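Structure first, then comments.
Fair warning: this is a prediction, and the values are worked out from it, not measured in the lab. Lettering of chains follows the sequences in order, A, B, ..., and the numbering in each one begins at 1.
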Amino acid sequence: MLQLKVIREEKKRILDGLRKRNWNAQQLKVIDQILQVDDQRRNNQNELDNTLAENNKLSKLIGQMMGQGKKEEAEALKLQVANHKEKVKVLEDQQRTIETDLENLLYSVPNIPHKSVPRGKTPEENKVAKDWTKPFPVLPEDAAAHWDLGKKYNLFDFELGVKLTGAGFPVYRGKGARLQRALVQFFLDEAVKAGFEEINPPLLVNEATARGTGQLPDKEAQMYACDLDKLYLIPTAEVPVTNIYRDEIVSIKDLPIKMTAFTPCFRREAGAWGAHVRGLNRVHQFEKIEIVQIVHPDESYKTLQAMIRHVAGLLNKLELPYRILKLCGGDMGFASALTYDFEVWSAAQKRWLEVSSVSNFETFQTNRMKLRFRDENGKIELAHTLNGSALALARIVAALLENNQTPEGIKIPKALQKYTGFKTIE
RNA sequence: GGAGGAAUGGGUGAGUGGCUGAAACCACCGGUUUGCUAAACCGACGUACGGGUAUAACCUGUACCGCGGGUUCGAAUCCCGCUUCCUCCGCCA
C-alpha cells in the first residue's frame with residue numbers, strides 16, 4: 001500500500017510510476033479520487049474531533065457543578081451534550097465509511113517501480129541483466145524431459161497425485177523424494193551460513209497476516225482457503241515470515257533482520273494452465289526456501305544485490321546454467337518496486353524455467369503492515385522489506401534431472417552429494 | 001470438549017465512575033559525579049489521526065488500558081458478546 005503522504009506530496013512521480021506499469025488515463029483517475037476522499041476524511045475528522053472536544057469540556061463542567069450542588073445547571077448542560085451525541089454518531093459513521101473507501105482505493109494501487117525498471121508490457125520485454133555466456137549442456141539426441149525421467153527412474157508420480165488429491169500434486173518417491181530433502185537441507189544450510197535466522201512458521205495463516213503481505217484483498221483466488229476456520233494455506237513463506245514483524249517498531253540496532261524459512265507452498269494457479277505447464281513446470285504444491293530481509297531504507301538496494309549474489313551462488317554450486325532478468329513494468333508483481341527473476345536452462349525442454357524471484361518492496365508492505373523502526377533520533381520510520389526464493393524446488397529438480405542425464409544415469413552435482421547420499425540416479 | 005481465573009504503556013504492576021494517557025519500580029535514552037567499571041543523583045521516556053503556513057525535535061485537538069458493542073453528561077473502572085492466555089479435568093499426536 002502506498003503512503004498517503006507520498007501520494008499527496010509526490011503525485012507526479014506516482015503517476016509516472018503507474019504509467020510505467022502501463023496504466024491508462026482512465027486508471028490513473030484513481031489517484032485524484034484518493035486525494036479527494038482523503039480531503040473528505042480530514043474535514044470530517046476535524047469536525048468530529050471538535051465536537052468531541054466540546055463534549056469533553058461540557059462533561060467536565062457537569063461534574064464540577066454536580067460537586068457544587070448546582071443540579072439544575074448541570075441538567076441543562078446534559079441536554080446540550082445529548083444534542084451533540086447525535087451529531088457525533090453521524091460523523092463517526094461517515095468517518096468509518098470514508099476510511100474504508102480510502103483503504104480500498106489505496107489497496108487497488110500497485111507499488112511504484114524503481115527508476116531503473118525498464119518500460120514494457122510483456123515478459124518478452126524484460127531486460128537480461130546477466131546472461132549465461134558459457135555453453136549449455138549438450139544432451140544426446142534422445143534426451144528425455146523430466147516427466148519421462150521421473151517415470152523411468154521412479155522419482156515422482158503425477159497420476160498417483162491425481163488419485164490422492166488432484167492434478168498438480170505430484171508424489172515424490174525413492175530417490176526423487178530424497179533429492180527433494182537434500183535440496184531443502186542444502187538451501188537452508190546455505191541461507192543460515194549467509195546469516196539468515198532459520199524460521200519454521202505455520203503453513204496456515206489468518207486474514208490479518210494474508211492482508212499484511214498483500215495476498216488479501218484481491219488475490220484470494222490464488223490461495224487455498226479453509227473456510228470453516230477462516231485460514232489460508234500459504235502460497236509462500238514470505239507471508240508468515242514477513243508478518244512476524246507486523247505492527248512492530250523495532251530498534252535501528254535490530255536491522256537488518258534476516259530470516260529464512262523452508263515451507264511447502266500452495267497455489268491454486270487459477271487460470272494459469274496452458275501449454276508449457278507439463279510435469280514439474282507448474283504445480284499446486286511445491287517446496288521452497290525463502291529468504292526475507294527487513295532493512296533500513298538506505299540499505300535496501302544494496303541488500304537486493306546481496307540477495308541476488310546469494311541466489312546466484314546457489315545456482316553456481318548446483319552447476320546449473322542460469323540467467324538473471326530485470327522485470328519490466330508490465331511483468332512486475334503488484335507489491336514490488338524492483339524485481340529480478342532467475343531462470344535456469346532446461347536442456348531437454350530447451351527453454352528457461354523461472355526458479356527465483358528477488359524483489360525489493362520498499363515500504364509497500366511495511367506501510368500496510370505497520371512495520372517500523374526507530375532511527376538514531378528516535379523518529380519512527382517505515383522499514384523496507386525484500387524477499388527472494390532461494391530456491392524453489394520443483395523446477396530446480398526438473399532442470400537438474402534433464403541437464404545431468406547420461407547413459408549411465410542422472411549425475412548429482414557435487415555440492416549436493418553429501419545431502420543425497422548418492423552420486424547417481426540409475 | 002467441561003469448570004474456573006486473567007488480559008493495563010518495552011517489562012513487572014497499581015488503579016472499581018470525573019482530579020488517570022494512566023502511580024510505582026525495572027529497562028532504554030540524555031546528563032551530573034567518577035582514574036576505569038559499578039553505584040548514586042537529575043532529567044526525558046507510548047502510538048495513531050487531525051489542526052496551527054509546521055515532514056527536524058514546538059503548541060494544540062481527538063482516539064486508544066485484548067477486540068467489538070452497550071449503559072452514563074462522563075468508562076481502564078459497570079453490563080453484553082468475542083478472542084487469547086493460564087490452571088484443573090477429559091481426549092490426543
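Nucleotide B:C49 holds its C1' atom 13 Å from the CD1 atom of A:I98, rounded to whole Å. In this structure, CD of A:Q95 is placed 9 Å from C1' of B:C49, rounded to the nearest angstrom. In this structure, the NZ atom of A:K60 is 17 Å from the C1' atom of B:U72, given to the nearest Å. A:D375 places its CG atom 15 Å from the P atom of B:C29, with the value rounded to the nearest Å. Taking atom CD of A:E381 as the reference point, atom C1' of B:U47 lies 17 Å away to the nearest angstrom. Rounded to whole Å, the distance from CD on A:E103 to C1' on B:A48 is 14 Å. For the pair A:R8 CZ and B:U55 C1', the computed distance is 11 Å after rounding to whole Å. Computed from coordinates, the A:L102 CG to B:C49 C1' distance equals 12 Å when rounded to whole Å.
By the side-chain hydrogen bond (donor to acceptor under 3.5 Å, both in side chains) test, A:Y107 is found to be paired with no residue, residues two or more places apart in sequence or in another chain being considered. Remark: A:A392 pairs with A:F286, A:K288 by the side-chain contact (heavy atoms from CB on, under 4.5 Å) rule, at least two apart or across chains. Contacts of A:R13 classified as side-chain hydrogen bond (donor to acceptor under 3.5 Å, both in side chains), with partners at least two apart in sequence or in another chain: A:E10. With sequence neighbours excluded, the residues satisfying side-chain hydrogen bond (donor to acceptor under 3.5 Å, both in side chains) with A:K130 are A:Y322. Under the side-chain hydrogen bond (donor to acceptor under 3.5 Å, both in side chains) criterion, A:D157 pairs with no residue, sequence neighbours left out.
There is no side-chain donor-acceptor pair under 3.5 Å between A:T100 and A:T97. No side-chain N or O of A:Y301 forms a donor-acceptor pair with one of A:H384 less than 3.5 Å apart. Donor-acceptor pairing under 3.5 Å is recorded for the side chains of A:S300 and A:N360.
A donor-acceptor contact shorter than 3.5 Å links the side chain of A:T366 to the backbone of A:T363. Between the side chain of A:D38 and the backbone N or O of A:I34 there is no donor-acceptor pair closer than 3.5 Å.
Across the P atoms, B:U47 and B:A22 are found 14 Å apart, a figure rounded to whole Å. Distance noted for atom C1' between B:A75 and B:U84: 23 Å (whole Å). Rounded to whole Å, the P atom of B:G68 lies 15 Å from the corresponding atom of B:U83.
In this pair, A:Y224 and A:H284 present their aromatic rings perpendicular. The plane angle is above 60°, beyond the 30 to 60° band.
Residues A:N46 and A:N55 each lie close to RNA chain B; by heavy-atom proximity, the contact nearer the 5' end of the strand is made by A:N46. Place A:E99 and A:K253 on RNA chain B by their nearest nucleotides, and A:K253 ends up nearer the 5' end.
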Heteroatom pairs (N/O) under 3.5 angstrom, protein to nucleotides 65-69 of chain B:
unit_1, atom_1, unit_2, atom_2, d
B:G69, OP1, A:R96, NH1, 3.2

Under 3.5 Å between N/O atoms: give me all the protein pairs with nucleotides 58-64 of chain B, atom names plus distance.
unit_1, atom_1, unit_2, atom_2, d
B:G61, N2, A:D49, OD2, 2.8
B:U62, OP1, A:N56, ND2, 3.2
B:U62, O2', A:D49, OD1, 3.1

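The salt bridge (Lys or Arg N to Asp or Glu O under 4.0 Å) contacts involving residues 234-256 of chain A comprise nothing, where partners must be two or more places apart or lie in separate chains. Within the structure, no pair that satisfies the ring-ring contact (aromatic ring centres under 6.0 Å, His included) test touches residues 25-68 of chain A, not counting sequence neighbours.
A heavy atom lying under 4.0 Å from RNA chain B marks none of the residues of residues 199-209 of chain A. A heavy-atom distance below 4.0 Å to RNA chain B is reached by these residues of residues 78-89 of chain A, ordered by number: A:K78, A:V81, A:K85, A:K89.
Residues A:K193 and A:D189 are not paired through a salt bridge, judged by the lack of any N-O separation under 4.0 Å between the basic side chain and the carboxylate.
Side chain of A:R374, nearest nucleotide from B:G74, B:A48, B:G46: B:G46.
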Represent RNA chain B in dot-bracket notation, 5' to 3'. Only Watson-Crick or G-U wobble pairs with both distances under 3.5 Å count; pseudoknot-style crossings use [ ] and interstrand partners use |.
((((((((.[[[..)..(.....]]]..((((.......))))..(((((((.....))))))).[[[[[..)....]]]]])))))))....

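Among the atoms of the strands shown, none is found under 4.0 Å from any heavy atom of A:K370. Using a 4.0 Å heavy-atom criterion, one finds that A:L61 contacts no nucleic acid atom at all.
Between A:T260 and A:V292 the shortest side-chain heavy-atom distance does not fall below 4.5 Å. For the pair A:E159/A:K151, a side-chain contact is recorded, criterion being any heavy-atom separation below 4.5 Å from C-beta on.
In this structure, the ring of A:F156 has its center less than 6.0 angstrom from the ring center of A:F158.
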